[in-house]
Amino acid sequence: MNYRFQNLLGAPYRGGNAIITNNTELISPVGNRVSVTDLIKSQTITLPVQSSSNITRIAASPDGVFLLTVDENHRCQFINLRQRVVLHRISFKNAVNAIKFSPDGSHIAVATGKLVQIWRSPGFKKEFFPFELVRTFADCDDKVVSLEWSPDSSYLLAGSKDLTARLFCMKKLKFGVLKTKPFMFLGHRDTVVGVFFGIDKNTNKVCNVYTVTRDCYIFSWGLSGNDGEFDGMDVTEPPSPGTPDRDGDGTVEGVGSGDIKKRKGYEGRGGNLDEEGGYLLNRKWELLRKDNFMQAQAKLTACDYHRGLNMLVVGFSNGVFGLYQMPDFVCFHLLSISREKITTAVFNELGNWLTFGCAKLGQLLVWEWKSESYILKQQGHYFDVNCLAYSPDSLLLATGADDNKVKVWTVSSGFCFITFSEHTNAITALHFMANSHSLLSASLDGTVRAWDLFRYRNFRTFTTPESRQFVSLAADQSGEVICAGTLDSFEIFVWSMKTGRLLDILSGHEGPVHGLMFSPTNAILASSSWDRTVRLWDVFDGKGAVETFSHTHDVLTVVYRPDGKQLASSTLDGQIHFWDPIDGLLMYTIEGRRDISGGRLMTDRRSAANSSSGKFFTTLCYSADGSYILAGGSSKYICMYDVADQVLLRRFQITHNLSLDGVLDFLNSKNMTDAGPLDLIDDDNSDTEEGIDKQTRGKLGYDLPGSMPNRGRPIVRTKSLRIAPTGRSFSAATTEGVLVYSIDDSFIFDPTDLDIDVTPEAVDAALNEDQLSKALILSLRLNEDSLIKKCIFTVNPIDIPAVAASIPYRYLQRLIEAFADLLESCPHLEFILRWCQELCKAHGNSIQQNFRQLLPALKSLQKAITRTHRDLADTCSSNEYMLRYLCSASSGK
């Protein structure tokens, strides 16, 4: 019951800017969530916080503690990364195109429309209004798209769509700020997409400015030769394009002679300006050089500069990136990494890793430029995920999508390690074989393929005499027989796994066969169809349909309970029917129309309560022990029902993202016009770049006339649900990606046999008196994770057999779960394995008799042991090869 959101798979990146904190943590926006990838541990997590819509811009504080996210609705969240909580919120009036913390972390620069706003950065403490607007610069004539702070946080560079870059002074000096306009860097012919300060390594002060434009040019600017004194009255018109606007007399605007006369004794304060941080104030900049990146027909879409190495990385719209040494503009690398435009490019703090993102393909790459090798290479599904399958040991999760690809993910790390792309049409069903080493996939291209997860190849392909579209898939427990249901011929095809030959064709259904599953205990196959029936087939005896269960509406899916003694089917009228497959009787029915309903589409004429569309379940999944069932469909909710009492236990809302259609129950009438909903009127700004200014999604001609009524805006839905065999987590294939929910034991307090004497103090007292069995049983009765582990580690290895034998059977499941958890994180491997061995010796008979009840806990333990064994085997093999090499090298000498 205590499931919490844990991770988001299937979509590592869809647009916006990626950043790297603490040199090794990659942070990227995914929809309305934020994903954090540890590049050293190769592990990704998704923060449990959500924005109101798709995130467009993120920024991290210099110490990596705070994160700012801004979404499409201009709403900003201030997040504590370590605690994973939202501390503060604020809304901006205009779209935010750039946001950046100052190097000292005290201020935040925000480019909102034409304005550049400087806000005081909030801290940990709670305040009534934590964001304080310090200054606003309104000098730009068009949208500001890039920002850069100087190292001392005294100056700010802003690049704009008005073809200029401006230098703003932040500090108010002791004698006041000179009334000058910000210095303008002119001469660009396209939007300034990147502005950077070059640093003198000896003085650690700004000596250069680089401006990068969208038409693939870089301008290098340097301070002119005069000293810090201001002699603006005698300046003649230079040939450089980088001078401020001048009036007819040649005087800098805003610094007229009147202003100079009012400031008596100014000539003697030139040195003070430099000491107070005003060393760039009223200095002249000149254009040193202008270089072209030589990428014809391409636009520059992303860039970043590393001050320490004085290097620039740029990404182009044709998928090419370049790495250049400044200020001499020497090209180190010029490589193509994608077919689509690169939407983000960023250095890490040391400058040895480059991060690239391609929003349209969902690619996220981290590349080490010195060794020319990949640190990270992840790519999500181009279209929505259709189906899921857990491996029997719960270590792996396979996903199939409309982009014709099958991906296999490691659940613990959130990484995809293999992609199979041999299918030529959408993947509709997946099934892991019992040995976890092979995977089956069914597709609309008329093939069922078997994949080898050791050699990463397609080792068998099952086809039919005439091409058919497969929409369901099942394999028996022994793995000898493969069955697939069709969309067009309403038949079920049966193949032999060993030979690949077609054994039988089961006909009898009069509609598409969308549900198919073998009984876990015998060779009976259950199939559901839109012809309003569920049929049971004896595949091995070839008797055809053994029994038919009739329904009043189309049957959408069918599943067996893990013990094989119950069958659940969902129908088009929103009901879940539970059948006894042995006696052929209807046991009970759950009416779920009210539970699954929710969310009104923009094109709906009726309110969400009165609409009949989407009020049914398209996917069902039993829990590992069969006590509850998960159900999802074309709705923003996933429902969890208790099977015995037929009551709704909990509803999970898969997203709060207003960028998707169907999230709101009530639409705002202000957005309704005579021409229809305001959001559907085609007034898109052609200057808005997908992947940079907003997140992108794979669209199949959705913007063509008549293709889709809501112009391709994604509709929130759940296409597939699967509970892990361990019962500790479940996954949902949704519009947002694959959401992984897991049981969180750290916040749970679920005591058993609790009375007034069962307290943490009593546990400590028993430990002090060396009553180890009593202490462990008391901690199990309290069911507090930290106390159980403390008692386990207190036991001497010699006393393990005696203590293990004294544990009552009813506490075995909780103890096994604790051992599984410890194996994942604890270094004392032999100690925990000794515990497990003694527990099996002492309670082997009880475990065997009640294995159904203990199955989830035992599978969790098996998963932990298998994973540890695999890691140790890899390490031992590596060491063995290294020792062999060293021995052969020494003998060769």
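Only a predicted model underlies this, so the values are computations on that prediction, with no experimental measurement involved.
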To the nearest 0.5 Å, atom CD1 of Ile638 lies from atom CG of Leu630 at 7.0 Å
Rounded to the nearest 0.5 angstrom, the OG1-CG distance for Thr794 and Leu772 is 7.0 Å
Original post:
Between Arg728 and Asp821, does at least one N-O distance fall below 4.0 Å, as a salt bridge requires?
Top reply: no
Assess whether a salt bridge exists between Arg33 and Glu736, defined as any Lys/Arg side-chain N lying under 4.0 Å from an Asp/Glu carboxylate O.
no
| request: Would you mind checking if Arg834 and Glu830 are paired as a salt bridge, meaning a charged N to carboxylate O distance below 4.0 Å? | output: no
- [ ] Report yes if some heavy atom in the side chain of Ile654 is under 4.5 Å from a heavy atom in the side chain of Tyr637; otherwise report no.
- [x] no
TODO: Look at Lys790 together with Asp764 and state whether they make a salt bridge at an N to O cut-off of under 4.0 Å.
DONE: yes
Does the Lys NZ or Arg CZ of Arg722 fall within the cation-pi geometry relative to Tyr390 - under 6.0 Å from the ring centre and within 45° of the axis?
no
Between Lys565 and Asp563, does any NZ, NE, NH1 or NH2 come within less than 4.0 Å of an OD or OE carboxylate oxygen? no
(request) Go through the steps for Arg870 and Asp874 under the test salt bridge (Lys or Arg N to Asp or Glu O under 4.0 Å), then give the verdict. (result) CA-CA 6 Å; Arg870 190 178 299 170; Asp874 292 344; over 6 Å; no
- N/O donor-acceptor pair under 3.5 Å between His437 side chain and Asn435 backbone: yes
- Under 3.5 Å: donor-acceptor pair, side chain of His431, backbone of Ala442: no
- Whether Asp580 side chain and Ile582 backbone form a donor-acceptor pair below 3.5 Å: yes
Taking the six-membered ring for Trp, are Phe417 and Tyr456 parallel (under 30°), tilted (30 to 60°) or perpendicular (over 60°)? tilted
Is the cationic atom of Arg449 (NZ for Lys, CZ for Arg) positioned less than 6.0 Å from the six-membered ring centroid of Phe459 and within 45 degrees of its normal? no
- Ignoring hydrogens and angles, tell me if any N or O in the side chain of Lys863 forms a donor-acceptor pair with the backbone of Pro392 under 3.5 Å. no
Report task. Would you check if the side chain of Ser623 reaches a backbone N or O of Tyr628 as a donor-acceptor pair within less than 3.5 Å? Result -> yes
